[in-house]
Structures are given as structure tokens and as C-alpha cells.
Number of protein chains: 2
Amino acid sequence: MDRFRRGNKQLIKDLNEALVIDQVRRFGPISRKDIAINTSLGASTVTYIVDSLLKEKYFTEIGSGISDYGRKPVLLQFNQRKSYIIALKIEEKQIIYGKFDLNARMLAKISHNFNPKDSVKAIFRLMADQINQWIAADTLPCSGIGIAAPGLVDQANQKIIHSPILEWEEVDFSKLEEEVQVPVYLENDANAIAHAELWDGRGEQFQNFICITIGAGVGAGIVVKNEIYRGEVGGAGEIGHIIIQRDGLLCYCGQRGCLEAYTSDRFIMAEALHLKELKLSPALNQVEQLTMNSILQAADSGDELVQELYQRVGENLGIGLKSIVNFFNPGAIVLGGEGLRAKKYIIPALRKELEDHFFSRHSKKLEIILIDLEENQWLMGAAAMVITQLFKEPLYREV
Amino acid sequence: MDRFRRGNKQLIKDLNEALVIDQVRRFGPISRKDIAINTSLGASTVTYIVDSLLKEKYFTEIGSGISDYGRKPVLLQFNQRKSYIIALKIEEKQIIYGKFDLNARMLAKISHNFNPKDSVKAIFRLMADQINQWIAADTLPCSGIGIAAPGLVDQANQKIIHSPILEWEEVDFSKLEEEVQVPVYLENDANAIAHAELWDGRGEQFQNFICITIGAGVGAGIVVKNEIYRGEVGGAGEIGHIIIQRDGLLCYCGQRGCLEAYTSDRFIMAEALHLKELKLSPALNQVEQLTMNSILQAADSGDELVQELYQRVGENLGIGLKSIVNFFNPGAIVLGGEGLRAKKYIIPALRKELEDHFFSRHSKKLEIILIDLEENQWLMGAAAMVITQLFKEPLYREV
DNA sequence: ACTCTAATTAATTCAGTCAATGAATCAAAA
DNA sequence: TTTTGATTCATTGACTGAATTAATTAGAGT
């Protein structure tokens, strides 16, 4: 009912401690003096708060800094080894585990295959075993488990509601939490990438942006006011099935004209097959078995028809994204994923399509940012989500 | 840089005062006791805070309430006459002015025509005159001016960046603020409707929703976490030109396949003309001059071809909205505007189109809400915006 | 029927608490 | 000696809880 905590001394303390921690995390190594200036807290107050935080091992003092004259400042550094985070990425046939410090740097990584036909219970067993093994092997405490999973995720209730890729329905992760005795945070995989982008700096430049991941499907992680936006039931960003062509191609989802139907590997494969059948493309004619790689090679060998095919994919993507840009007016679009392996041909066409939108006249231009999406990015995003959670401002009423 | 205020006694006080005011605004008449229970503040603290707020005329004591036993509670009511708000709606050829109390109830209303060819300076003169006249005539203070205007609005800088309807570019309202000596808050008109919806209760049910206004153009007011979302440069919600058909009809904006090209009065008129030319529709054949009204009458008379035309408009709208639903996952879509005069035919088709989207399997259904959009709604929204601003939690660092 | 008392709930008073604050002081360096 | 960083300490002020006062009802006694 009440959205904010009431004001009392505890709130002041929590708030200012968070403020000081934030300063050291963002600007450290930093002196007490500078913290006082940046936060506009009194110097004596900073001394007092830093003392208690030093006792709790949030920081370490790392000698003195430089100064032209007078006493040298004592520099405080964030202790990224106060505890650690375990991040998981659940894929179709394997689970990848990463161990991260509080600066979201990877300390260890491992992965286990599983049989998709196994029961959820068995897979939970597998996860809990690995997690508990890591926890037992480390003297430091584990502050949380971050899990990136494909599908419709209900973050607040720790549930995967529906995941076509995993073929899971209504899977409740609170049971995993019970087994590992550490807080478990679940997140949609596209959102994990958005967390990763927020972590290393795009969030400073842009208040609002979207991260598009193009792989088996097309997904979007949405950032509003530097926070992940999940929608009313946790499924915002499912842009694979927005319609770019009324009465267009039939999509596997049953609709016609979906974005995915016009951009997926399946679409590229079908169109390439068509070209091959019509014997229009010299490069494709030489290939025996069409694969995504051989199609790309055909384009790279200079085959214009195949290059045009990729350009069309770029246009299709651009049309879909233009709708989103008009509706959402993001500061940037971040793009990544294996679906962009032919980015050489796709991106210029996409850029061209996105050139004019409702805001193109505005002085602040829409930025299009390409990123490499390797395995580690997803894990890092999942870890970053937990760390963000750990250090978020303590303003809201604890439930 | 720092997003939140530092914690000190002033913050506690500001926060708790806001908390108490909020209680009385939402649940009043209410006793000190109940405020203490709801906010979890101490009873003595509530007495103390209420005392100071009574002195500042935020509340009035309105006698005692009921109780089975023991001392009767003294009820506090929000004083909606502490000050008032002036709201403006700027239209193509007229400006409508409304005076509102702090419960967003209209106290007075007037409108003045202006010549669209007049200079902005002259129109500002007109506005300032009316506003200053009202301010001079009232003994109470005016707390703010809320202005709803069509086009791309930069709220933070009090600027209309670009308004095709008014044919205004880069109009700076800080000059108006100087003339009236009262804070001026500018807002896009679709957002004003969203404010109105937030005000009377949709915001309690839904965290995230969108308000679609269908008039000369199609616009959307977007609500995220009970707050208006404006996008990176203030132009979120410009959905008139999202593309629903690749290589479709040419739109006046230069693009092909825009939502507006498939839903506007212009589209309906063109299609009806086409029907008339082909002499396919008996009802339209009898009409001399085609108008939006005569077309609607043709449908109402039972002409199936015209009814189908409206149904197609509904489908087109539905297709556009489905994309938005998949991307944004709102809890509700609120629809209104004169473009829906044929809602009898449009809405069923729209509903059908929206029936299956990515979340349709989720237990929480997407709600579609129709509202009447009369003149007063826009004014009320503009007033509600100012009042919301006036009473918002004082958590963020004052800039 | 009237008065008085106990019980109950609402509101206020008041001394105590504690985190921030600013002035004074200490520490370290040029 | 001067300058800058860090600490100490008395003061401030908003919340807090216990005690008190205010207002009301039920019920007992006359």
C-alpha cells in the first residue's frame, strides 16, 4: 500500500551507507574528503560511516593518494572479495555456471550437459549439486545466485511461466533456493544482456534503451530509467512476433507476418533454398548441403542475390525496430547474437531503414550499437543483476 | 550524478510529511490513529506532523468519526481549496482554460479562439492575459499551470519541439512562465489523458498501461510503474507511424504502411469513395456528399460493405496494437477519441485481433478499456499532472 | 432516572535516543 | 608555518515509547 519507507534514523543510516558504498564502488579509490564533497555529507559523518563499513569489510584502505600540499588522503577501495555471486545460464541442453566477484569479474566457469527429457526435479538436483559444491569449497559467503533463462519469466515469484525452448511450464525456482540456502534471482535471458549493458556503462549515457538479441528467436531487454522493465506479467520484450506485414508469411506461432518469420535462420534457409532451386545463384549452386555457414560463404564470395537476401533481413529487422523506436523512443538500440553473423550485409540495410523515424529530426540521434554476444556476457549479466540487487538504494519499504 | 538525496533530519521530515499528506488525500477523512497505523509512524509523531500541516492549511478537522467505545477519533480531511490549478488545452484554433481544485475537480472553464497565423508571441499574450485575470480574481494562490499540447514535447525544458498540428517548432514556454509568475508544466496531450487515467484509479489496478487517443492522429500515453514514460527525448508514444504493412499504402509522412494510413479518417474516406465509385454500396450511392457522419450512417443503415470497412479499421488498429502489446506487455489498453465514433464495428474486430498475443496464455488477461474522451478529460489530465507533481515524494535530489 | 466508576480508545506531553552536523582539534605533509 | 585530510565532541532535532490526558460508553449502585 505505502510505496516508501517512513523516515526515521534507520532510514537515514541505510541511505547514507548506501550512498557511501556507491561512491566507493563507482569512483574508488577515493578519499573520505571526496566522498563528503560528492555526497554533501559532513566530513565527520563520512568518517563515522566509513568506520563501520570498514569493520564490515566493504572497503579496504589502500595507502595514500597524491596531493600538492598538506596531508595525503587515505584512499578507500571497494572490496570486491567480500562475497561472491554464482551465475547460471540455462540453455537447451546444458547449464553454464560462472563464479563472479562483486565487480562482476569472472572467477571460475564450468558447464554440465543435461538430457532435455529429464525431469525438472533432476535438473534442479544437478544445479543444486554444482552450486553447493562451490559454496562448500569457498571460505567466503555467497551473496546470491543469478539465473538467466529463455522464456517468459516471473521475476517476483521466481518462476519460469512458459519456455518453448526448454519445454518447461510453471517451473518454480523457490525450490532451488531452499536447497542452496542462498537468494536466487531469476531473469529472462534478453534482460540478462540488458543488465550486462547497464553494468559497463551504457546506462550512464542513456536513460532508456533496448537490447536486441538475435539467436534462435528475437528478444528484447528493455531499460527504462536505468532499470529493467519487465511488463505487467514479466514478458515485455517479446518482439519476435510483432507483425511487420499484414497477411504476410505464416509463422510457426500461427500468426502471419511476424518479425521472426522474416528474419530467422529458417527464413534465410527457405529463401536460399528457393534461390538454389531456381538455379539463380551461381555460388549456391555449387554448394551441396545448405547450411547457415555455406549461405554466408556464398554471400562473402560475392554472390549478389545472397547478399540481397541478407539485406532484406536487415530491412525486415529495421521495419520491426522502427515501430518500436516510434513507440518507445529509446536513446539507443544495442544489437547482438549469432543471428547477426552476416552483419556485414544486414546492418547497413537495417541502419538505412532506421534512418528516418519520428524523432529523426531531433538533435539527439538514436544510436545503434553492435556488441559481441559470447557466452560470458550472459553469465556476467546474470551476476550483475544480483549485484545491482545487493546494492540498490534502500528506499522502498521492505516487504 | 547522485540520484537520491542524502539522509538527514530534513529528509525524514519531508518524507513523513508527504506520507501523512498522502494518507489524508487517499483515505481521508481519516483519524490520526489510523494514519499512525497505516504509515507505522508513532502516534506522537503523527500528532506533531499533523499540527504543523494544519497550520499550513493542508487539512481541516471535520468533527469526530464513529467508534463503538471510547473516545471518538477526530477526522482529518484534505483541504482541496488550499490552492488551485489552471489547466490549458491548446488546439488547432482555440485554447481551452480550466480552473481546478486540488482534487482535480473543475471550478471554471472558458475558451478563446485564436488565428493559427498569429505569432507565438501573440498567442502567449492571449494565454497570459486569461491566466493573470484568473489569478488576480482569486484570493487563493495558484499552484501551477498545466498545459496539454499536441506534438513532440520536451517536458523538462518546457518546450514544444515540433507540432505538425499547430505548425509550431521549438516553442519555449519558460517565457509564459515569466509572464504569469507561476510554475508551468507542459505535457503532450496523449500523456495528459494518461494522467487523467492515473488520477481516477486505473493506476491502482495496473502498474503499466497505455492510453491510445484516436483523433486527427493516433497517439499513445505510456504509463510505466504508475508514472508517465516520455522516452529519451520526450516523444515516446508516437505510434501513428509504426508500420503494419511492409510496402503498404503511402502515408503523408512519406513512409509506406503506417498505422495511421490504415486507420485515419482519410483512409476511411478514401475507401468509402472507392466503394461509391464502384457503385457497390447501396447506402453510399444515395449519399451526395461523403462525410465521416454520412459514412457512419451508411454502416448503421445496415450496409455490410461499409461495416466491413470499419471492421478493417479495427483489424488494422489491432495489428498495430498487438505489436505494442508483445513489446510492452501492458496490463491494459485504454482507448478513446473521436476516431472511435464507429466503435460498434471497430472494437469487436480490434478485440478479435488482440485476442492472441504472446501473453494470451497468462492468467492475467490484457484488459481493453473504452473511455469517452470529452474536452474536460484533457483539461483534468493536465491539472492532475500538476497536482501529482505538487505532492510527489520528496525523495529525489532537488536540482 | 441519575450518578459514579471502570474500561476503552484517541490524542498529547515529555524525556530519551541517535545519526548528522559543525567547530575545534589532531595528523601528516610541504 | 601553512595547508589539507581525518577525527573528536558537544549540539541539534525528529522520531519514539511510556505516561498522561481527553473523551466516550457500559454497567453498577443508589
Side-chain angles (χ1 to χ4, degrees), chain A residues 2 4-21 23-24 27-55 59-77 394 397, chain B residues 2 4-21 23-24 27-55 59 61-76 394 397:
Chain A
D2 308 310
F4 290 99
R5 289 173 60 172
R6 70 183 200 275
N8 55 16
K9 292 190 195 94
Q10 191 59 49
L11 176 71
I12 296 186
K13 200 177 180 184
D14 290 352
L15 204 55
N16 289 340
E17 273 189 359
L19 221 51
V20 170
I21 292 174
Q23 285 290 317
V24 179
F27 307 120
I30 188 174
S31 68
R32 290 168 172 78
K33 184 78 185 293
D34 286 341
I35 293 175
I37 292 168
N38 289 348
T39 58
S40 72
L41 287 166
S44 51
T45 310
V46 173
T47 292
Y48 170 72
I49 292 174
V50 165
D51 268 6
S52 78
L53 291 175
L54 273 172
K55 272 195 200 101
F59 311 143
T60 44
E61 290 187 327
I62 56 154
S64 41
I66 47 167
S67 76
D68 294 346
Y69 205 57
R71 176 174 176 175
K72 284 176 182 162
V74 179
L75 295 181
L76 299 164
Q77 191 173 47
R397 177 174 294 271
Chain B
D2 307 313
F4 290 99
R5 289 171 62 172
R6 71 181 198 275
N8 54 17
K9 293 190 194 92
Q10 191 58 48
L11 176 69
I12 296 185
K13 198 176 181 184
D14 290 352
L15 204 55
N16 289 340
E17 272 188 0
L19 222 51
V20 170
I21 293 174
Q23 284 290 317
V24 179
F27 306 120
I30 186 174
S31 68
R32 290 168 171 78
K33 185 77 187 295
D34 285 341
I35 294 175
I37 292 169
N38 290 348
T39 59
S40 73
L41 287 165
S44 50
T45 310
V46 173
T47 292
Y48 171 71
I49 291 174
V50 165
D51 268 5
S52 78
L53 291 175
L54 273 172
K55 271 194 201 100
F59 311 143
E61 290 188 327
I62 56 154
S64 42
I66 46 166
S67 76
D68 294 345
Y69 204 56
R71 177 174 173 176
K72 284 175 181 161
V74 179
L75 295 181
L76 299 164
R397 177 173 295 270

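Letters go in sequence order (proteins before strands), and every chain restarts at 1.
- Counting atom types as modelled, A:Lys72 pairs no side-chain N or O with a base atom of D:dT4 as donor and acceptor under 3.5 Å.
- Closest approach to the A:Ser44 side chain among D:dA18, D:dA14, C:dT21 is made by C:dT21 (side chain taken as heavy atoms from C-beta onward).
- At whole-Å resolution of the value, CG in B:Asp14 and C1' in D:dC15 are 15 Å apart.
- Atom CG of A:Leu11 is separated from atom C1' of C:dA19 by 12 Å (rounded to the nearest Å).
- Below the 3.5 angstrom threshold, one finds no donor paired with an acceptor across the side chain of A:Ser31 and the base of D:dG5.
- Between B:Glu61 and B:Leu76 there is a side-chain heavy-atom pair separated by less than 4.5 Å.
- A:Val74 comes within 4.0 angstrom of sugar-phosphate atoms only, judged by non-hydrogen atoms across all strands, and of no base.
- Of the candidates A:Ile35, A:Ile30, A:Asn38, A:Val20 forms a side-chain contact (heavy atoms from CB on, under 4.5 Å) with just one, namely A:Ile35.
- Tested against A:Glu17, the residues A:Ile12, A:Val50, A:Leu53 include a single side-chain contact (heavy atoms from CB on, under 4.5 Å) partner, A:Leu53.
- OP1 and OP2 of D:dT4 both lie 4.0 Å or more from every side-chain N or O belonging to A:Arg32.
- Going from atom CG of A:Asn16 over to atom C1' of C:dC18 covers 13 Å, rounded to whole Å.
- Atom CG of A:Leu41 and atom C1' of C:dA19 are 11 Å apart (whole Å).
- For the pair A:Gln10 and A:Ser64, both in contact range of DNA chain C, the more 5′-proximal nearest nucleotide belongs to A:Gln10.
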**Asked** Given the rule in the side-chain contact (heavy atoms from CB on, under 4.5 Å) test, do B:Leu19 and B:Ile49 qualify, once you have shown the distances and angles that lead to the verdict?
**Response** CA-CA 10 Å; B:Leu19 222 51; B:Ile49 291 174; over 6 Å; no

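- Heavy atoms of B:Lys33 sit under 4.0 angstrom from primed sugar atoms or phosphate atoms, though from no base atom.
- Rounded to an integer number of Å, the gap from CD1 of A:Ile35 to P of D:dT7 is 11 Å.
- At C:dA20, none of the side-chain N or O atoms of A:Tyr48 fall inside 4.0 Å of OP1 or OP2 (strictly under the cut-off).
- Annotation: of the two residues near DNA chain D, A:Asp51 and A:Gly7, the 5′-most nearest-nucleotide partner is A:Asp51.
- Between the side chain of B:Arg71 and the base of C:dA10, at least one donor-acceptor pair of N or O atoms lies under 3.5 Å.
- The separation between B:Glu61 atom CD and D:dA23 atom P is 12 Å, rounded to whole Å.
- Contact check, B:Arg5 against C:dA20: no side-chain N or O comes under 4.0 Å of OP1 or OP2.
- Here C:dT17 presents its C1' atom at 12 Å from CG of A:Asn8, a figure rounded to the nearest Å.
- Checked by atom type, the side-chain pair A:Thr39/B:Arg6 shows no donor-acceptor distance below 3.5 Å.
- Here the side chains of B:Ser31 and B:Leu75 are in contact, with some heavy-atom distance below 4.5 Å.
- If you check D:dT7, D:dT12, C:dT12 against the side chain of B:Lys9, the one that comes closest is D:dT12.
- Look at CG on A:Leu76: it is 14 Å from P on D:dG5, rounded to the nearest Å.
- In terms of polar N and O atoms assigned as donor or acceptor, the side chain of B:Tyr69 comes within less than 3.5 Å of the base of D:dT25 in a complementary pairing.
- Between A:Thr45 and C:dT21, a side-chain N or O to OP1/OP2 separation shorter than 4.0 Å is present.
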